[in-house]
There are 2 protein chains.
Amino acid sequence: MTDSSLLAEERSSLSMPETPTLAHVARLAGVSENTVSRVIRDKGPIATETRRRVNDAIAQLGYVPNRAAGSLASSSSLIIGVILPSLSNIVFPEVLQGINAGLAGTPYRPMIGVTDYDLESEQHLISSLLAWQPAAIITTGFAHTDTARRMLEGSRVRIAELMDIDDRPIDLAVGLSHRQAGRAMARHLVNRGYSKIAYAGHDWASDRRAYARYQGLREGLGEAGLPLVAECRTEQASSTLEGRETLARLLAENTGIDAVAFSNDDMAVGGFMHCLAANISVPEDLALIGFNGLEIGQVLPKPLTTVLSNRFAIGKTAVEILLEDTKRPPDARIIDTGFSIIEGATA
Amino acid sequence: MTDSSLLAEERSSLSMPETPTLAHVARLAGVSENTVSRVIRDKGPIATETRRRVNDAIAQLGYVPNRAAGSLASSSSLIIGVILPSLSNIVFPEVLQGINAGLAGTPYRPMIGVTDYDLESEQHLISSLLAWQPAAIITTGFAHTDTARRMLEGSRVRIAELMDIDDRPIDLAVGLSHRQAGRAMARHLVNRGYSKIAYAGHDWASDRRAYARYQGLREGLGEAGLPLVAECRTEQASSTLEGRETLARLLAENTGIDAVAFSNDDMAVGGFMHCLAANISVPEDLALIGFNGLEIGQVLPKPLTTVLSNRFAIGKTAVEILLEDTKRPPDARIIDTGFSIIEGATA
DNA sequence: CGACCTTATCTCAGCGCTAACATCTCTTTC
DNA sequence: GAAAGAGATGTTAGCGCTGAGATAAGGTCG
């Protein structure tokens, strides 16, 4: 331990508790820096005894690798870029939870960005995330600006496009068919004997998946020979408040409706609240169906009939597949996490 | 443009579309790398003409700085480490939204970690985030393991401890006094003439702030000469489902209660659902008060009486203050974002 | 027993930036 | 008009790690 080298000297000088580097660990363990690096990353053959000494040295010094240096040297980082359209809708935090769960126990960390459903904003985020040379970028849907698409395709980074599977992904898509989900909603209502079916929705311009479900709904009704008798949409983002008001508006403007399909559970829960306040019996006077299967819907006095989208699984599965292989495979892959009708008491 | 240097040569070889570096930009703009770096970071005096040339070159090449290299060279990164206890409770995504809003327009990006209310887990996250030499670490509350506290204090990184202000922060605390919020809840109920007040709560072991509110509630009642007539807690994390069940249990085990203070809005909304299902008139038979001021509470047929915590502002304010100065100031600062009673119709 | 693996380690040259300092104009000031 | 300063840029030496190749020591085999 009487190593008179500069490093050791500096380290031992109490005045400057320098943060330990690979070099310190290597010196203490009596091996080369590269060997330490290989022990840490578990690469190549290491003698058991060497591994022990290195690990001891790491523990003794409390060494923590400098990720910036590692990223620079390997030109790839342990970052997973995550781009979400929103955080106000609980759905995306749940996807993020899944991503986080998939990342647990790995050295990868999510770096996040929120687009507010804006493609330009997504493009900027992609560019700024690529500056970190992440291992992967996880984003939402298939709609990107041309530039964004070029950046994603051009990078060697793995790409996951979440939530939707109704188009061709760049690398990996994990989600469900919103069109099919919409059709399933229609079939459910039809099977339950409803025939005067209306739609209450939110902003399509930003939420393309909501629009896909709407299309599916119409298709499903069409197949049963039924029309969509009425529809009402808010230009706002979905929320319980908007759901409540949108249903109120729908019912004020139309009569004879026996069921309403909502663009999602937030809207549907809001609708349910309107029914409570307006003394409308659900489902006797009016049936309601939502989409997502949020907890709040299942705690209503009558559990909401809805479609379970597996948000957590979408995030987790995506990460698991992305981490399987750091290299982008020759052809894109699509994972259908499916959906299922939750038979509540509202439709 | 007949530059025969290696860099230009490589770049022009169509076979290998190398990603541009500072060197490429410098060459194209006819200045030194350092000048480009200074233009990008807006450091030191730059001639207008030089700036123009550099920016043109950047645009032409589509140059994006390599953050890893920058971090390594400056031994500090444009990362803000964000450690949240949970993502299932909408409260924390809202804080994250605030953080994100505060970061908008800056080159900083949040890197997140979720502790599940576990301090060991927080410690690991702190260590793994510090490996990125972030500009700041944002975490929750004042409870940390000794090791975690030492790591935070020892780093030169700025630290924000969010949500609570009832203790001494390491560097910056942004939040509200949960004890005072609890007392305010008590005062509100007392002022409205309720005297048989009970408590329905969730897991304290993990959620210390819920416990602080409980203590405040008891203090507040004590000051009015009133007891807490009953209480019931679930060992689970808060949720609408647990709220519903916990209130059911509380009422099954006790009679004569005229008001219930809940540990938060999730629980309170669940409680409201129980009342709806069990035909209990709110607030005539039973008054309810929550905490947080979530949207869902305000969409109930009767808007929930609750305490507004300014989650978004907490996140945003914290970021703004942290970015004001990259160096930790000599003494810690506490920002009270306050709270306010939302006078709903349930208490 | 020399050729040839296999295993375990080391050497060394960067990765793409930034900090610190050096340099070279011009002004300004007395 | 020499000294001093301000403005604008260049030069140089790393930051702490990893990748590729070199090296060395032992085992296998015809």
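All chains are named by letter (A, B, ...) in the order of the sequence lines, taking the proteins before the strands, and each is independently numbered beginning at 1.
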> Under 3.5 Å, is there a donor-acceptor pair between the B:Q123 and B:T145 side chains?
yes
> Please check if atom CZ in A:R52 has more than 12 non-hydrogen atoms from other residues, nucleotides or ligands closer than 6.0 Å.
yes
> Atom CG of B:N66 to atom P of C:dT18: distance rounded to whole Å?
10 Å
> May I have the distance from B:Q133 (atom CD) to C:dC17 (atom P), rounded to whole angstrom?
17 Å
> Using a cut-off of strictly less than 4.0 Å, decide whether A:T21 has a side-chain nitrogen or oxygen near OP1 or OP2 of D:dC15.
no
> Let me know the distance between CD1 of A:I46 and P of C:dA8, rounded to the nearest Å.
8 Å
> Could you check how far CG of A:L22 sits from P of D:dC15, rounded to whole Å?
13 Å
> Taking atom P of D:dG14 as reference, at what distance in whole Å does atom CG of A:L72 sit?
17 Å
> With a 4.0 Å cut-off, would you call B:D325 and B:R333 a salt bridge?
no
> Side chains of B:T139 and B:E122: do they bring a donor and an acceptor to under 3.5 Å?
yes
> If you pin B:T50 and B:A73 to their nearest nucleotides in DNA chain D, which one's is more 5'?
B:T50
> Between A:R51 and A:D42, does any side-chain N to carboxylate O distance fall below 4.0 Å?
yes
> Please state how far atom CH2 in B:W132 lies from atom P in D:dC17, giving the value in whole angstrom units.
13 Å
> What is the distance from atom CD1 of B:I314 to atom OG1 of B:T140, rounded to the nearest 0.5 Å?
10.0 Å
> To the nearest Å, how far apart are B:R27 CZ and D:dG10 C1'?
14 Å
> Looking at residues 29-44 of chain B, who's got a heavy atom less than 4.0 Å off DNA chain D?
B:V31, B:S32, B:N34, B:T35, B:R38
